[in-house]
Amino acid sequence: MLRLVAAFAALAAFGVTLPSGTAKAAAVPLFDRLQALASAFPDRVKAIEIDAIVMSDGTRIPIDDGKTKDHEGKLENADIEDMLSQIYPVGSCDTGAKPARNEDPGRIRNDAFFKSAYGSSEKAVRTHLAKVDWFGKPLAFTTVAGADKALAAVARDLSGAGPELMKHLVPSAGTLNWRVVAGTRRLSAHSFGAAIDLNAKLADYWRWSGGKPGNVPSYKNRMPKEIVDVFESHGFIWGGKWYHYDTMHFEYRPELIAIGRLAADRGCPAE
């Protein structure tokens with residue numbers, strides 16, 4: 001059983017919250033975010049201690065590495081605190097506004113957590129795969145934390161989609177692909193079989209628009225909100241809500257959806 005209560009009580013006693021610099025962060029303190037992470041991955045997170053999370057394979061990952069980082073620093077070398085530091089907007093928190101500069105909830109990933117949860121190599125990742133029927137085509141997707149069932153539920157809920165929606169859904173541009181994120185040394189969420197790209201011909205991407213890291217002058221999106229809403233309802237985040245946007249990209253991150261709902265429940269205070 002997770003050793004959560006004592007650790008959370010200690011965090012609360014010390015007044016620890018995530019230092020993201022927003023009112024939203026204060027609305028969802030660190031111990032609530034850690035609990036959301038543990039609840040989303042009950043078979044992977046064994047314990048949460050005062051300074052680390054302990055994974056079921058014995059990996060111990062620092063919550064806070066004590067380093068001060070800018071946005072690029074968090075992307076390159078995220079600790080658990082960094083990974084959970086930005087609120088993914090859902091419900092009343094989702095105003096439909098263009099993401100603010102460097103607002104990339106979900107792009108900041110702790111590599112040790114992903115490798116422990118999903119597999120530290122392509123071979124290891126493949127031991128946790130299932131085939132999901134994506135509108136007549138089987139796609140490989142991880143079974144970790146029920147991700148394959150969540151993707152199947154998305155397909156089920158969109159099965160009656162008309163041609164205007166269906167043209168975005170198929171053909172899929174892929175799921176499992178052990179690779180780094182373009183222009184970086186960081187593994188993509190696709191490496192772990194936990195992300196799906198939809199029709200690339202109707203996608204918009206920050207690099208294609210001439211954007212540079214930290215400087216994306218234009219935002220474009222053609223992904224219908226109806227599709228985004230269904231994915232989010234099953235624990236997926238959407239790359240179209242990133243400043244460094246990737247509108248074909250959906251990633252299974254149930255902990256971020258849960259944290260976003262907590263923020264909405266608590267009034268989603270303005271930044």
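- Closest approach of Ala173 to Met248, counting heavy atoms only: CB-SD, 4.3 Å.
- The cluster map of Ile, Leu, Val, Met, Phe, Trp and Tyr, joined by side-chain heavy atoms under 4.5 Å apart, puts Val228 and Leu202 in different clusters.
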- Message: Pair Phe192, Lys115 - check side chain to side chain contact (heavy atoms under 4.5 Å, CB included), show working.
- Response: CA-CA 8 Å; Phe192 305 102; Lys115 285 184 174 181; 4.1 Å; yes
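- Distance CZ/Arg126 to OG1/Thr142: 12.0 Å, rounded to 0.5 Å.
- Put simply, the side chain of Arg44 does not reach to within 4.5 Å of the side chain of Asp57, judged on heavy atoms.
- Aromatic ring centres of Trp178 and His190 lie farther apart than the 6.0 Å criterion allows.
- Residues Trp134 and Leu151 meet the side-chain proximity criterion, which asks for heavy atoms closer than 4.5 Å.
- Counting heavy atoms from C-beta on, the side chains of Phe135 and Leu158 come closer than 4.5 Å.
- With Ser56 contributing its side chain and Asp43 its backbone, the two residues share a donor-acceptor pair below 3.5 Å.
- When each of Trp208, Tyr205, Tyr219, Trp206 is paired with Tyr245, the ring pair (Phe, Tyr, Trp, His ring centres under 6.0 Å) condition holds for Tyr219 and for no other.
- Tested against Arg109, the residues Glu76, Glu255, Glu251 include a single salt bridge (charged side-chain N to carboxylate O under 4.0 Å, His left out) partner, Glu251.
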- Please test Arg266 against Asp32 for salt bridge (Lys or Arg N to Asp or Glu O under 4.0 Å), starting from the C-alpha separation and ending with a verdict. CA-CA 12 Å; Arg266 296 171 187 182; Asp32 286 351; 2.6 Å; yes
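- Inter-residue side-chain proximity for Pro217 and Asn215 is flagged as met; some heavy-atom pair is nearer than 4.5 Å.
- Checking side-chain atoms of Glu103 against main-chain N and O of His244 turns up no donor-acceptor pair under 3.5 Å.
- Of the possible polar contacts, none joining the Ser191 side chain to the Leu187 backbone as a donor-acceptor pair under 3.5 Å is found.
- No donor-acceptor contact under 3.5 angstrom links the side chains of His168 and Asn199, judged on distance only.
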Atom pairs and distances, donor-acceptor, side-chain atoms in residues 87-96, under 3.5 Å, two or more places apart:
unit_1	atom_1	unit_2	atom_2	d
Tyr88	OH	Glu232	OE2	2.5
Tyr88	OH	Trp238	N	2.9
Asp94	OD1	Gly96	N	3.2
Asp94	OD2	Lys241	NZ	2.9
Thr95	OG1	Ala97	N	3.2

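- Considering all non-hydrogen atoms of both residues, Phe141 and Ile196 come closest at CE1-N, 4.1 Å.
- When all heavy atoms of Gly214 and Arg101 are compared, the pair lying nearest together is O-NE, 2.9 Å.
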- Task: Could you check Asp229 against Lys225 for salt bridge (Lys or Arg N to Asp or Glu O under 4.0 Å), going step by step and ending with a plain yes or no?
- Result: CA-CA 6 Å; Asp229 288 346; Lys225 186 176 185 299; 2.9 Å; yes
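- Within 6.0 Å of NZ on Lys69 lie more than 12 heavy atoms contributed by other residues, nucleotides or ligands.
- Here Ile61 pairs with Ile53, Met55, Thr59, Ile80, Asn110, Ala112, Phe113 under the side chain to side chain contact (heavy atoms under 4.5 Å, CB included) rule; sequence neighbours left out.
- Contact between His234 and Tyr252 at its shortest, heavy atoms only, is O-CE1, 3.4 Å.
- To the nearest 0.5 Å, atom CD1 of residue Ile63 and atom CG of residue Leu37 are 9.5 Å apart.
- The main-chain N or O of Trp242 is never found under 3.5 Å from a side-chain atom of Arg107 such that the two would form a donor-acceptor pair.
- With contacts defined as side-chain heavy-atom distances shorter than 4.5 Å, the pair Asp104/Ile108 does not qualify.
- Residues Thr247 and Arg222 have side chains not in contact (no heavy-atom distance under 4.5 Å, counting atoms from C-beta outward).
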- Message: For a salt bridge (Lys or Arg N to Asp or Glu O under 4.0 Å) check, start with the C-alpha distance between Asp111 and Arg186, then their side-chain angles and the critical distance, and finish with the verdict.
- Response: CA-CA 8 Å; Asp111 196 52; Arg186 306 188 307 271; over 6 Å; no
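- Under a hydrophobic clustering in which Ile, Leu, Val, Met, Phe, Trp and Tyr are joined whenever their side-chain heavy atoms come within less than 4.5 Å, directly or via other members, Val216 and Leu75 fall into different clusters.
- Closest approach of Ala140 to Thr175, counting heavy atoms only: O-OG1, 2.7 Å.
- Note on Asp133 versus Lys137: no salt bridge recorded, every NZ/NE/NH1/NH2 to OD/OE distance being 4.0 Å or above.
- A donor-acceptor contact shorter than 3.5 Å links the side chain of Thr127 to the backbone of Ala124.
- In this structure, Phe236 has its ring center at least 6.0 angstrom away from the ring center of Phe250.
- Between Leu34 atom CG and Ile48 atom CD1 the span is 4.5 Å, to the nearest 0.5 Å.
- In summary, the side chains of Asp148 and Thr143 do not present any donor paired with an acceptor at a separation below 3.5 Å, with no hydrogens or angles considered.
- One hydrophobic cluster holds both Phe231 and Ile257 under the rule that ILVMFWY side chains link at heavy-atom gaps under 4.5 Å.
- The CZ atom of Arg33 sits 7.0 Å away from the CG atom of Leu84 when rounded to the nearest 0.5 Å.
- Checked by atom type and distance alone, the side chain of Asn221 pairs as donor or acceptor with a backbone atom of Met223 at under 3.5 Å.
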- Report the C-alpha distance between Arg60 and Glu49 in whole Å, list the side-chain angles of each, state the deciding distance to 0.1 Å, and finish with yes or no for side chain to side chain contact (heavy atoms under 4.5 Å, CB included). CA-CA 10 Å; Arg60 193 172 184 275; Glu49 300 176 346; 3.2 Å; yes
- Message: Assess the residue pair Lys74 and Glu72 against the criterion (salt bridge (Lys or Arg N to Asp or Glu O under 4.0 Å)); give the C-alpha distance rounded to whole Å, side-chain angles, the decisive distance to 0.1 Å, and a yes or no.
- Response: CA-CA 5 Å; Lys74 290 182 179 182; Glu72 285 300 313; over 6 Å; no
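- Here Glu226 contributes atom CD and Asp157 contributes atom CG; the two are 13.5 Å apart, rounded to the nearest 0.5 Å.
- Summarising the geometry, atom OG belonging to Ser172 is positioned 7.0 Å from atom CG belonging to Asp197; distances are rounded to the nearest 0.5 Å.
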